[in-house]
Amino acid sequence: MWSRAFLAAILFSSCVSHALAAETRTAVRGQLRPAADVRELSWLAGTWIGDGISGPAREVYSSPMAGVIVGHFIQQRGDGIWFYELITIRADGDSIAYCLRHFNADLTAWEEKNEVRCFPLIAREHDRWYFDGLTLRRVGEDEMVAAVRVEQGSGAAEYVFRYRKAETD
């Protein structure tokens with residue numbers, strides 16, 4: 001059985017790689033954060049599908065509205081839903097942050113009542129958006145690679161997921 005702390009760190013699903021593949025980056029003390037506007041991620045709008053850790057996975061993002069992109073993630077396992085995430089990508093000073101909360105299939109929250117897991121943007125390069133421990137990489141018009149770094153005991157693993165944009169929502 002996966003520990004709750006481990007699952008809380010998993011954000012995306014599709015092809016999973018346990019070896020550190022250098023898709024993600026982590027913040028360095030004193031590092032300046034890049035200026036960014038949530039509208040620059042408007043390409044995320046729509047439905048993204050791929051194979052997850054335990055079955056099909058889906059991410060859905062809105063177009064930017066009032067300075068925020070709202071989304072949700074669904075991870076299937078067997079014939080049912082394993083867990084959900086509610087997501088916002090929002091302003092964080094002059095930059096942005098990717099924030100989320102996890103829920104069981106019955107919608108009971110994993111995090112405490114006022115707890116939100118946020119990944120501040122720490123770098124960007126062309127079509128790569130490096131949040132602290134989480135990366136979104138645009139691959140053409142209809143593909144996206146997402147990666148998350150998960151701390152596990154004395155080490156870390158990086159999970160890399162590949163999505164294709166659904167033709168219809």
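None of these values were measured; they are calculated from a predicted model.
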Pair Lys165-Glu141, salt bridge (Lys or Arg N to Asp or Glu O under 4.0 Å): steps then yes or no: CA-CA 8 Å; Lys165 198 164 196 178; Glu141 291 296 315; over 6 Å; no
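- A search for side-chain contact (heavy atoms from CB on, under 4.5 Å) contacts involving Asp94 returns nothing, not counting sequence neighbours.
- Looking at heavy atoms from C-beta onward, Val116 lies out of side-chain contact with Glu111 at the 4.5 angstrom threshold.
- Here Arg164 contributes atom CZ and Ile49 contributes atom CD1; the two are 9.0 Å apart, rounded to the nearest 0.5 Å.
- Across every non-hydrogen atom of Arg33 and Ile96, the tightest pair is NH2-O, 2.8 Å.
- Looking at heavy atoms from C-beta onward, Ser63 lies out of side-chain contact with Ile69 at the 4.5 angstrom threshold.
- Between Phe73 and Leu86 there is no side-chain heavy-atom pair separated by less than 4.5 Å.
- When each of Phe103, Phe83, Tyr84, Trp82 is checked for a ring pair (Phe, Tyr, Trp, His ring centres under 6.0 Å) with Trp110, only Phe83 meets the rule.
- Taking CG from Asp142 and OH from Tyr163, the interatomic distance works out to 15.0 Å, rounded to the nearest 0.5 Å.
- Side-chain contact between Val70 and Tyr61 is absent, with no heavy atoms from C-beta onward closer than 4.5 Å.
- No donor-acceptor distance shorter than 3.5 angstrom exists from the side chain of Arg149 to the backbone of Glu23, with no hydrogens or angles considered.
- Asn104 has its side chain out of reach of Ile81: every pair of non-hydrogen atoms, C-beta onward, lies at least 4.5 Å apart.
- Annotation: side chain of Arg39 is not in contact with side chain of Leu41 (no heavy-atom distance under 4.5 Å).
- Residues satisfying the side-chain contact (heavy atoms from CB on, under 4.5 Å) criterion with Leu32, sequence neighbours excluded, are absent altogether.
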Intermediate values then yes/no, side chain to side chain contact (heavy atoms under 4.5 Å, CB included), Arg124 and Glu40: CA-CA 11 Å; Arg124 21 182 314 210; Glu40 296 172 83; 2.6 Å; yes
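- Using a 3.5 Å distance cut-off with no hydrogens or angles, the side chains of Glu85 and His72 do not pair a donor with an acceptor.
- When side chains are defined from C-beta on, Arg90 counts as touching Cys99, because their heavy atoms get closer than 4.5 Å.
- Between Ala36 and Leu121, the closest heavy-atom pair is CB-CD2, 3.6 Å.
- Using a distance-only test at 3.5 Å, with no hydrogens or angles considered, no donor-acceptor pair links the side chain of Glu115 to the main chain of Arg117.
- Residue pairs meeting the side-chain hydrogen bond (donor to acceptor under 3.5 Å, both in side chains) criterion with at least one partner in residues 125-134, sequence neighbours excluded, are Arg25-Glu125.
- The 12-atom threshold is exceeded at CG of Asp106, counting heavy atoms of other residues, nucleotides or ligands nearer than 6.0 Å.
- No chain of hydrophobic side-chain contacts below 4.5 Å, direct or via other Ile, Leu, Val, Met, Phe, Trp or Tyr residues, connects Ile122 to Val145.
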Step-by-step salt bridge (Lys or Arg N to Asp or Glu O under 4.0 Å) determination, Arg138 to Glu143: CA-CA 6 Å; Arg138 187 177 188 185; Glu143 292 182 48; over 6 Å; no
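- Here the CG-OG distance, from Asp37 to Ser95, works out to 10.0 Å after rounding to the nearest 0.5 Å.
- Residues Arg162 and Met144 are not in side-chain contact: their nearest non-hydrogen atoms beyond the backbone lie 4.5 Å or more apart.
- Clustering ILVMFWY residues whenever any of their side-chain heavy atoms sit less than 4.5 angstrom apart, transitively, puts Ile74 in a cluster other than the one holding Leu136.
- The CD1 atom of Ile87 sits 10.5 Å away from the OG atom of Ser62 when rounded to the nearest 0.5 Å.
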